[in-house]
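These notes concern the structure reproduced below.
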Amino acid sequence: MRKIKDSRSRIVIVDAYAEVVKGVICEAYKMDMKVSDGYVWFLPSLLTWDWYDTSYKNPYNLTCTKEQMKEGKYASTPLPVSSLSFARMV
């Protein structure tokens, strides 16, 4: 996450399982990398409607609340990251 922030990239594509996505978005919240801070997040389209709920399925003991996780607005994409030729991997 630090590398992404330091690169000044503003479009972030996350292609991972729900538990990992939770960790990424929680860390983004803590690092002021939210949509309101100018970031655009693309998340997997197969996430369940309650993916952001950290009160269960929280293997990484995330400290973000459900409300903090819901604060952002996220786009989902059915495309695997490997098919997005414009994506710059940091």
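We number each residue from 1, following the sequence as shown.
- For Lys30 and Thr63, the side-chain atoms include at least one donor-acceptor pair closer than 3.5 Å.
- In this structure, the separation between OG on Ser55 and CG on Leu62 is 11.5 Å, given to the nearest 0.5 Å.
- Side-chain contact between Tyr52 and Lys66 is present, with at least one heavy-atom pair separated by less than 4.5 Å.
- Checking side-chain atoms of Thr54 against main-chain N and O of Cys64 turns up a donor-acceptor pair under 3.5 Å.
- Salt bridge status for Lys3 with Asp6: absent, with no side-chain N to carboxylate O gap under 4.0 Å.
- Heavy atoms only, all atoms of each residue included: Ala16 and Pro44 are closest at O-CG, 3.4 Å.
- The closest side-chain heavy-atom distance from Ile25 to Trp51 is below 4.5 Å.
- Shown here for Met1 and Glu27, the closest heavy-atom pair between the two residues is CG-CG, 3.8 Å.
- Linking Ile, Leu, Val, Met, Phe, Trp and Tyr residues whenever their side-chain heavy atoms come within less than 4.5 Å leaves Leu47 and Tyr29 in two separate clusters.
- A heavy-atom distance below 4.5 Å is found between the side chains of Ile4 and Met33.
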For Met31 and Tyr39, what are the C-alpha separation, side-chain angles and deciding distance, and is it a side chain to side chain contact (heavy atoms under 4.5 Å, CB included)? CA-CA 11 Å; Met31 295 178 69; Tyr39 289 83; over 6 Å; no

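- Residues Tyr17 and Val21 do not share a hydrophobic cluster, defined by chaining ILVMFWY side chains whose heavy atoms lie under 4.5 Å apart.
- Under a 3.5 Å cut-off, the side chain of Asp37 and the backbone N or O of Lys34 do form a donor-acceptor pair.
- You'll find the side chain of Val24 reaches within 4.5 Å of the side chain of Trp41, heavy atoms only.
- A donor-acceptor distance shorter than 3.5 angstrom exists from the side chain of Ser7 to the backbone of Ser9, with no hydrogens or angles considered.
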